[in-house]
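All values below come from the heavy atoms of this structure, side chains included, with hydrogens, waters and symmetry mates left out. As the structure is a prediction and not an experimental result, all values here were calculated from the model.
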Amino acid sequence: METSFTIRDLIEDWGAFVLSLILGSLGLILGRLLKKNLVSMLFNLFALLILLIFSILYSGDGKEVFGIFEFDRFFFNSCFWLSVFGIITLFVSFQEVSSKGEVFPENFFFVLLSSLGAILMTSSKDFLSLFISKELMSFNIYAMIYFIRDRYGVESAFKYFISSALLSLFYLLGFSFFIISNETIFISNPKTILGILGVYLVLFDLFFKSGSAPFHFWVPDVYQGAPSSTVVFAGSVVKFASFLAIMRIFDFTGQNYQHLLEIIVVLSVIIGSFGGLVQKELKRLLAYSSIAHSGFISLLLFGTGNKDFKEFLLFYLATYGISFAGAFSVISLFKNTLLYLEDIRGFSSSHRFFSLLLSVFLLTFTGLPLLSGFPSKYFAFFTALSSKEFIPVIISAIGSLISLYFYFIPLVRTFMESAENKIYFNINTFIGLILMILAFLSFVFGVYPDLFFIMIQKIPLSS
């Protein structure tokens with residue numbers, strides 16, 4: 001494939017990414033020299049804002065860059081939402097680092113680098129650039145998990161690193177099989193059984209990153225032990241980018257790998273729904289909720305070839321990311337690292353505002369009407385039923401009903417039980433403002449989901 005480009009094209013296509021990296025690097029250096037977390041946080045915030053503005057204003061819709069990246073409308077929407085979730089992570093991370101009284105400017109730079117890797121994942125057209133982008137996203141998360149530096153953080157970082165490295169070997173093995181089969185690194189329909197096996201091995205790694213069963217084994221432990229800001233990032237940005245990369249593979253190969261998807265959906269919903277029933281700790285409960293939602297999201301992948309399924313997939317990933325980031329942002333304000341369900345008793349009596357916001361996000365997960373979780377699940381079930389996948393839909397519907405129980409447990413203890421011990425809670429104005437916006441979006445997209453589809457048609461605005 002012949003590709004030609006000029007310096008002007010390079011600046012136009014990659015200027016926002018290069019400028020973001022420069023700003024992030026300056027923030028890291030100045031933050032370390034001045035020993036100020038705020039300096040590093042602000043520089044990296046500006047860097048992500050540049051990517052956000054780039055996703056809205058750039059006019060290169062449908063353009064191939066270097067022949068390996070597809071800068072289409074789908075990519076720009078991905079860049080927009082991934083930048084938004086990265087910005088939320090920065091604010092939550094700054095609150096956590098400040099509450100510990102430590103100087104750790106590197107953490108904010110890791111958020112930027114990982115966000116860049118996630119953004120590039122959504123536009124990769126070949127397995128090599130996809131692997132490099134995926135590793136750029138992943139390697140920074142190891143350090144983000146570890147920065148809290150307690151026993152739980154070290155254990156979580158080690159588990160995630162070992163399991164991620166193992167699945168990366170699956171990716172590389174599958175990549176080599178595909179090259180032998182198709183004699184190209186570009187994602188395309190595999191020509192032989194060996195090539196099909198190679199694609200499956202690559203998908204195993206991506207489903208692992210998305211937290212889908214049976215590759216979910218890292219999720220509960222990492223969500224429990226990692227800082228809440230890192231979990232915000234993993235549950236929104238990483239899940240978003242992983243599913244979009246899977247969608248790209250399905251799209252370029254012209255297949256939806258039906259039997260693999262059926263296994264993913266059924267196991268994710270069953271393990272996530274039933275696993276959540278026995279959890280005593282809120283972070284682990286939300287971890288199993290995340291596994292179940294990976295199954296619901298995977299229902300949308302049955303619609304490969306349907307012109308609407310990509311927009312439905314974007315809707316689910318964006319609205320789920322909003323509610324997930326909101327829920328863990330509330331949890332980040334608790335001073336104790338591990339928040340058990342017993343600890344949340346009477347939370348509404350002392351902090352009614354934040355307890356109401358947490359309730360909105362938990363109710364969004366349930367899929368009840370008037371919140372964005374309802375149209376999300378409707379689109380997922382509709383897409384799968386249109387593909388005549390009745391058994392996964394039935395199991396998903398049952399799992400959704402079962403999950404109502406463990407979503408309502410924290411709500412009951414928050415509003416209907418009295419506190420036995422004092423609840424240690426940090427009041428943060430910026431986090432409160434972010435939570436209000438996220439809760440508002442959950443309502444707006446739940447009542448008027450068409451607004452979301454109008455938004456994504458307007459990105460990029462200049463095209």
Side-chain angles (χ1 to χ4, degrees), residues 74 121-122 124-127 130 134 167 170-171 173-175 177-178 181-182 186-216 239-273 290-317 320 367 376-400:
F74 189 73
M121 276 182 68
T122 67
S124 298
K125 295 185 62 178
D126 69 89
F127 287 116
L130 176 59
K134 176 183 70 69
L167 268 296
F170 276 69
Y171 187 109
L173 181 61
F175 181 25
F177 286 168
F178 184 84
S181 171
N182 282 38
F186 287 94
I187 304 172
S188 56
N189 190 21
K191 297 178 180 179
T192 66
I193 297 297
L194 186 64
I196 294 174
L197 176 60
V199 176
Y200 270 99
L201 291 174
V202 169
L203 290 173
F204 289 168
D205 186 25
L206 295 175
F207 276 116
F208 163 83
K209 286 291 187 293
S210 70
S212 303
F215 313 104
H216 67 286
K239 188 180 289 289
F240 198 111
S242 299
F243 272 111
L244 294 186
I246 293 169
M247 188 283 300
R248 288 280 192 189
I249 292 177
F250 284 19
D251 204 26
F252 288 140
T253 60
Q255 302 182 39
N256 66 4
Y257 302 93
Q258 176 184 0
H259 299 304
L260 174 62
L261 271 184
E262 291 171 346
I263 295 172
I264 294 289
V265 170
V266 171
L267 289 181
S268 296
V269 171
I270 291 176
I271 292 174
S273 300
S290 175
I291 296 168
H293 276 278
S294 294
F296 299 139
I297 295 169
S298 297
L299 287 172
L300 289 160
L301 296 174
F302 285 116
T304 299
N306 186 315
K307 64 179 181 179
D308 296 324
F309 104 96
K310 291 183 181 180
E311 294 185 351
F312 292 160
L313 182 64
L314 270 177
F315 181 87
Y316 202 130
L317 289 171
Y320 174 77
S376 295
K377 288 188 177 179
Y378 171 80
F379 293 146
F381 292 159
F382 174 79
T383 301
L385 286 174
S386 299
S387 303
K388 299 182 179 179
E389 295 291 340
F390 301 112
I391 294 179
V393 171
I394 292 172
I395 293 175
S396 297
I398 295 173
S400 186

- Query: Can you name the one residue among T122, I297, L314 that meets side-chain contact (heavy atoms from CB on, under 4.5 Å) with F243?
  - Reply: I297
Measure across [X] and [Y] and return the closest heavy-atom pair with its distance rounded to 0.1 Å.
X    : Y    : value
K209 : S242 : CB-OG, 3.2 Å
S188 : N182 : OG-ND2, 3.2 Å
K239 : S294 : NZ-OG, 2.6 Å
S376 : F315 : OG-CE2, 3.3 Å
S396 : P392 : OG-O, 2.7 Å
G174 : V202 : C-CG2, 4.2 Å

- Aromatic plane relationship, F178 with F127 - under 30° parallel, 30 to 60° tilted, over 60° perpendicular: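 The rings of F127 and F178 stand perpendicular, inter-plane angle above 60°.
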If you round to the nearest 0.5 Å, how far is [atom2] of [Y] from [atom1] of [X]?
X    : Y    : atom1 : atom2 : result
S298 : I263 : OG    : CD1   : 12.0 Å
K377 : S400 : NZ    : OG    : 3.0 Å
L261 : F250 : CG    : CZ    : 4.0 Å
L130 : F186 : CG    : CZ    : 13.0 Å
S212 : I246 : OG    : CD1   : 6.0 Å
L244 : M121 : CG    : CE    : 8.5 Å

- Residue pair S181 / T192, side-chain donor-acceptor N/O under 3.5 Å: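 Checked: S181/T192 side chains pair up, N/O donor to acceptor below 3.5 Å.
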- Results of salt bridge (Lys or Arg N to Asp or Glu O under 4.0 Å) for K134 - residues two or more places apart only: D205
- Message: Suppose we call two aromatic rings close when their centres sit under 6.0 Å apart. Are F296 and Y316 close by that rule?
- Response: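 Aromatic pair excluded; centres sit 6.0 Å or further apart.
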- Task: Would you please indicate if the ring centroids of F379 and F312 are separated by under 6.0 Å?
- Result: yes
Does any part of the side chain of [Y], heavy atoms only, come nearer than 4.5 Å to the side chain of [X], both counted from C-beta?
X    : Y    : value
F74  : M247 : yes
E389 : L299 : no
F204 : L260 : yes
K125 : R248 : no
K388 : F302 : no
L301 : I264 : no
F240 : S210 : no

- Message: I391: which residues meet the side-chain contact (heavy atoms from CB on, under 4.5 Å) condition with it, sequence neighbours left out?
- Response: I395
- All side-chain contact (heavy atoms from CB on, under 4.5 Å) counterparts of T253, not counting sequence neighbours: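 In terms of side-chain contact (heavy atoms from CB on, under 4.5 Å), with neighbours along the sequence ignored, T253 is linked to I187, P190, I249, Q255, Y257.
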- N/O donor-acceptor pair under 3.5 Å between S273 side chain and V269 backbone: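 Flag set: sc S273 to bb V269 pair under 3.5 Å.
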- Query: Checking N189 side chain against G254 main chain: does a donor-acceptor pair fall under 3.5 Å?
  - Reply: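 A pair under 3.5 Å: no.
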- Message: Take a 6.0 Å sphere around CZ of F252 and say whether it holds more than 12 heavy atoms from other residues, nucleotides or ligands.
- Response: yes
- Message: Taking atom CZ as the centre, does F170 end up with more than 12 heavy-atom neighbours from other residues, nucleotides or ligands that are less than 6.0 angstrom away?
- Response: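 No, not enclosed.
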- Query: Run the side chain to side chain donor-acceptor pair (under 3.5 Å) check on D251 and T304 step by step: do they pass?
  - Reply: CA-CA 7 Å; D251 204 26; T304 299; over 6 Å; no
